[in-house]
Protein chains: 2
Amino acid sequence: MLRLSKRADYALMAMKHLAVNGPLRAASTREISQAYDIPVELLAKVLQRLARAGLLTSQQGIHGGYQLSRPAPQISVAEVIEAIDGPLTMTACSEVDESCDQYSRCNVRDPLWRIKKRIVSALSESSVADLAADSAVSSPVMFHSPGREATVGTGQ
Amino acid sequence: MLRLSKRADYALMAMKHLAVNGPLRAASTREISQAYDIPVELLAKVLQRLARAGLLTSQQGIHGGYQLSRPAPQISVAEVIEAIDGPLTMTACSEVDESCDQYSRCNVRDPLWRIKKRIVSALSESSVADLAADSAVSSPVMFHSPGREATVGTGQ
DNA sequence: CAATCCCCGACTGGTTTAGTCGTATTTTAG
DNA sequence: CTAAAATACGACTAAACCAGTCGGGGATTG
């Protein structure tokens, strides 16, 4: 539960890469995929989605590539995730979506909605610039996490 | 992304039900499943997991059922979710888990970890009692949420 | 005109999840 | 003492979802 999809992960890595490597230079899909060992075709789709969502600008042609469409501090992590995985929803019956039959009798909608707001805040308040502020390549941090795992993320 | 599994949802609904219907009375799987229209066998598994995790006490026999093992304010939403879906992890390479090959070069681990901490806080700070504080049956709240959806949840 | 890039949709295989089924064990009412 | 009502547990199925792949375009530039 609460897991980020790989695609969203890739998206964030790419956004950080683009933020760090200057807003001047355009980076190609291939360059980024090699830098982080991401399958090219998959990353390509991710970058295309980000471009379609307006978070990146693309330039075709021999020296083309992608650039951030806005300054890094003005792009939130939430935006990136939503561009890839769609709206952030915590439950099946998110808000209006009447696709929950049983949820007419559901008793936890409102409290969960409050929690969701806090999560969305956390994601909205951190920007791509914040990602880039950390060391370019993160240092290893280690814990133990055995067995089943609930994930926090964009819901793959 | 960020979606809660149905099972986790059911777990929270059941926990609230048990919190509201007094810590005195034991509620059976059947009673809860009927109250919220949840498939009995599925709910049964969920409740058994909660019991095994120590969040519920169970009593077999003709007038058996489940009760909260602790006062509702002392049971966090995070505990419930983790009992069902396992540890809250945001990324594949959560903390120690070296199961990410490429993530040796990953550049967003640390910043994401910080975000994860905020999310875990949000989930740890709300208790089952908070869930129960809302109206027993939540009032309809409506937004629009079209198309793809990122989910906030226990990661499955 | 050819290389290098972006663009887009369709497809496949594996994993996960929701939900089911069957069987055993415990408790209690009669 | 036995039948009913519960929990306990594990194996199974079907559907959804996701990661990753493939193939065919179109744009830009040397």
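So that the names make sense, note that chain A is the first sequence line, chain B the second, and so on, each numbered from 1.
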TODO: Specify the separation, in whole Å, of atom CD1 of Ile38(B) and atom P of dT20(C).
DONE: 12 Å
Open item on the list: If you compare every side-chain N and O of Tyr10(B) against the phosphate oxygens of dG19(C) (OP1, OP2), does one of them come in below 4.0 Å?
Closed with: yes
Open item on the list: Contact between His17(A) and Tyr36(A) at the side-chain level, heavy atoms closer than 4.5 Å - yes or no?
Closed with: yes
- [ ] Take Leu18(B) and Tyr66(B) through the side chain to side chain contact (heavy atoms under 4.5 Å, CB included) test and state the conclusion after the steps.
- [x] CA-CA 8 Å; Leu18(B) 292 169; Tyr66(B) 294 94; 4.3 Å; yes
Task: Protein-nucleotide distance (Leu4(A), atom CG; dT16(C), atom P), rounded to Å - done: 16 Å
TODO: Check whether any side-chain N or O of Thr29(A) sits under 4.0 Å from OP1 or OP2 of dC5(C), and answer yes or no.
DONE: no
Open item on the list: Output the rounded distance in Å from NZ (Lys6(B)) to C1' (dG19(C)).
Closed with: 10 Å
TODO: Provide, to the nearest angstrom, the distance between the CG atom belonging to Leu43(B) and the C1' atom belonging to dA18(C).
DONE: 13 Å
Task: Whole angstrom value for the distance that separates C1' of dT21(D) from NZ of Lys45(A) - done: 9 Å
Open item on the list: Does dC5(C) have its OP1 or OP2 closer than 4.0 Å to a side-chain nitrogen or oxygen of Arg30(A)?
Closed with: yes
Open item on the list: I need the Leu47(B) CG to Leu43(B) CG distance, nearest 0.5 Å.
Closed with: 4.0 Å
Task: Contact under 4.0 Å: Ser28(A) side-chain N or O vs dT4(C) OP1/OP2 - done: no
Task: Whole-Å distance separating the CD atom of Glu31(B) from the P atom of dA6(D) - done: 9 Å
Task: Rounded interatomic separation in angstrom, taking OH from Tyr66(B) and C1' from dT27(C) - done: 14 Å
Task: Nearest-neighbour nucleotide for the Leu42(B) side chain, dC22(D), dA10(C), dT20(C) considered - done: dT20(C)
Open item on the list: Tell me whether Arg70(B) contacts the main-chain N or O of Ile75(B) through its side chain, where contact means a donor paired with an acceptor under 3.5 Å.
Closed with: no
Open item on the list: Please encode protein proximity along nucleotides 25-30 of chain D as a string of B, S and -, counting only heavy-atom distances under 4.0 Å.
Closed with: --BBS-
Open item on the list: Is it the case that the side chain of Lys116(A) and the backbone of Met90(A) share a donor-acceptor pair, with hydrogens and angles ignored and the cut-off at 3.5 Å?
Closed with: no
TODO: State whether the side chain of Lys16(A) and the backbone N or O of Val128(A) hold a donor-acceptor pair below 3.5 Å, judged by distance alone.
DONE: no
TODO: Would you check if the side chain of Ser69(A) reaches a backbone N or O of Leu55(A) as a donor-acceptor pair within less than 3.5 Å?
DONE: yes
Open item on the list: Tell me the interatomic distance from Arg52(B), atom CZ, to dG10(D), atom P, rounded to whole angstroms.
Closed with: 6 Å
